[in-house]
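Worksheet for the structure shown next.
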Number of protein chains: 2
Amino acid sequence: MKQPSTIKDVAKLAQCGVATVSRVLNSTGPASAETKERVLDAVEKLKFEFSEVGRSLQSSTTRTIGCVIPSLANPVYADAVQGVQETFHEAGYQTLLVCTNYKRNVETKAIRTLMSKQVDGFVLTVSDALSSQGLRSIQSREIPHCLLFNRAPSDAQSWAVDDYSAALRVVDEFVSMGHIHLGFLALKFKTSDRARQRYKGFIEGCFTNKLERPALLEIAEDTENLDVLLANFLKENPSITGIFASNDILALATIRSLRAIQLRVPKDVSVVGFDGIHVGEMVEPSLATIATEPRMLGQGAAQTVLSFINDLPLPEQPELSLSFSFRNGGSLAPRIAENLGDDDVIAF
Amino acid sequence: MKQPSTIKDVAKLAQCGVATVSRVLNSTGPASAETKERVLDAVEKLKFEFSEVGRSLQSSTTRTIGCVIPSLANPVYADAVQGVQETFHEAGYQTLLVCTNYKRNVETKAIRTLMSKQVDGFVLTVSDALSSQGLRSIQSREIPHCLLFNRAPSDAQSWAVDDYSAALRVVDEFVSMGHIHLGFLALKFKTSDRARQRYKGFIEGCFTNKLERPALLEIAEDTENLDVLLANFLKENPSITGIFASNDILALATIRSLRAIQLRVPKDVSVVGFDGIHVGEMVEPSLATIATEPRMLGQGAAQTVLSFINDLPLPEQPELSLSFSFRNGGSLAPRIAENLGDDDVIAF
DNA sequence: GCGTAAGATGGAAACGTTTCCACTTGGAGT
DNA sequence: ACTCCAAGTGGAAACGTTTCCATCTTACGC
């Protein structure tokens, strides 16, 4: 690899000191017209560009941000990262991205590495905001940071969806459609405080509405045979007419599997997802879901970090209660009447 | 922000020289047992971590890779980046990500910035591999790099799909189903050499099969009313029974719009997509498409760059002809017979 | 008991910047 | 003619590492 030229080469060629070159190029001090020209010529000739490494060492600032998220396979995070990246890019910062694949140890190690790279700030979605090693070390070094999707512990900023309330809302929607027996499908339960919040809200909502405690089907990350799992689940809980999936991808897969085992959606079983990914609107039946705005959240988190860095007032956040909305869709329909008698007996 | 401690602080606390600290911590030279212990204690006490910036300056290596892609909104790129990132991460490299949003000037500027940050290598999907400013400057500095999705100009490495042949294949599939009048729907035509290759192949395939030149509907990035556009398009080209969309998202949107204007898929119009995104298999009807493996491509491109860096033989690439496969789906069905007479008249 | 090699160790240079400081120059004000 | 100031300039230190080299000890073999 060819060695790029340094400020010294420029100085030599322009017959002046390095200080002068620095001043000219950064317009940070006086310089005679001729000198300026000689420097500029030399820069041109050598195709000189400043080395950010040297600069960083001297200024102890890298114009680089660390972004840590679970995975890009989930469009929610992909969208959010897009927002993070574009906001920082506009502000002249580059984004160092790490996907943890929901692994805690990767998360903490990645954060350490990024810290030693001296990132100027962090935007992160951690596995569990309350217990995150990495988050703690960021805080103890007082590096500007903002959580994304995680609800913040008291001392941190965060842009997140109110998972708990959203799940309550989902129960309400099910109830308003006459559903009484509900199921919850979860992925990555162990490694996502978001999924747990949704479940918690869902249980609470069922309780408030005097429904039975919803049945839980937890799905391993590498599950291939959702059809079978789902068939068994419904055999064990035959009265279920509504399923809440902890994210949209899972919801779509669920619908597919329900079809595969000869159940009609929404006629036999209604399905509601979470996230509001775009394709949910394109499929037939369209997916009823909690709609969120991952990209906007990403932008917000990035803005928050920028505000910390530049010592500006933090950007205004939308009300937490507005962090989601229910989007109706064809996958949710009123419960058919024929079972009414039975269900009521079980429900009380 | 608290200042992290430096190697000098450690040296002072351990009562030895910085050289010794460096040697101990990197196990790069001898040291007495007691000294080692004192150093390790000091490190512990100060929570010392090396500053990668200082290291980079000295070693002129940053363990950082630049990754430039159009957008994360398209799951194809998101998947690919996932592959890139994980491969580099395993090798101890971090990934600096930039999304260009298909803008050429962002692309070239981003590449320049990344170069001044002294990235050790590049993985990139450029707008047009033959004319990319940024790519040229990377090459002239002889920085290890590998293209992704772009077919490489002779002097570069790349992991890509054979868009042209894939499009030929799509025509064959349409033809084998009896379709004679085809349409092509393209997004981002101006800013993606991939989309253009697909169109070129599609035209060529039609020619080879003695079909009429396919009608082209080019769609702006911000189009909201695909329904209307599509209705007009089909009014102008009423004999079309098969539509090839230049990517899966667009294909799904197309199916939705066709439904909205009262056309049945695949009964009235068949649709084939491109990319093979996962949700395509979950919807009803499932999406016929060209299946690709973006994540694997990303891993491959990353491996290629790593091989350049470490001076190893390049990883073996799958045959270009195996870079895609046709995945059948419910969105493609035989042309209904009723129009046969008409079409044949027009076709010859 | 002496020479010598190997083991420990620290000083200092180098990597590419920025910035402080000190030095020249020339022109304006007295 | 003298002082003073501003503009223009370059040397050098500092940022945090690694590594070369020189120095000093120690133990070993004769």
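The listed nucleotides are C:dA8, D:dA12, D:dT19; the one nearest the side chain of A:Val18 is D:dA12. Side chain of A:Ala19, nearest nucleotide from D:dG11, D:dT9, C:dT9: D:dG11. Nearest nucleotide to the side chain of B:Cys16, out of C:dG10, D:dA7, C:dT17: C:dG10. Comparing D:dT19, D:dG11, D:dT18 by their closest approach to the side chain of B:Arg55 singles out D:dT18.
Among the protein residues, B:Glu34 comes within range of no part of the nucleic acid, since none of its heavy atoms lies under 4.0 Å from any strand. B:Ala31 comes within 4.0 angstrom of sugar-phosphate atoms only, judged by non-hydrogen atoms across all strands, and of no base. Residue A:Gln118 is out of contact with every strand shown, counting any heavy-atom pair closer than 4.0 Å. A:Gln15 comes within 4.0 angstrom of the backbone, heavy atoms only, and of no base. Nucleic acid contact class of A:Ser56 (heavy atoms, under 4.0 Å, all strands): none. At a threshold of 4.0 angstrom between heavy atoms, the contacts of B:Gly17 are confined to the sugar-phosphate backbone, with no base atom among them.
Side-chain nitrogen and oxygen atoms of A:Ser59 include none within less than 4.0 Å of the OP1 or OP2 phosphate oxygen of C:dT17. A:Ser32 has no side-chain polar atom (N or O) that falls below the 4.0 Å cut-off from OP1 or OP2 of D:dG8. Neither OP1 nor OP2 of C:dT19 sits under 4.0 Å from any side-chain N or O of A:Arg23. Remark: B:Thr6 is not in phosphate contact with D:dC15, judged by side-chain N or O atoms under 4.0 Å from OP1 or OP2. The phosphate of C:dT18 has OP1 or OP2 within less than 4.0 Å of a side-chain N or O from A:Ser22.
Under 3.5 Å, the side chains of B:Glu107 and B:Ser132 contain a donor-acceptor pair of N or O atoms. Looking at A:Ser307 and A:Thr304, their side chains never bring a donor and an acceptor atom within 3.5 Å of each other.
Remark: the backbone N or O of A:Lys109 is paired with a side-chain donor or acceptor of A:Thr113 at under 3.5 angstrom.
Test A:Thr62, A:Thr61, A:Leu57 against A:Ser59 for side chain to side chain contact (heavy atoms under 4.5 Å, CB included) and you get one pass: A:Thr61.
Annotation: of the two residues near DNA chain D, B:Gln58 and A:Gln58, the 5′-most nearest-nucleotide partner is A:Gln58.
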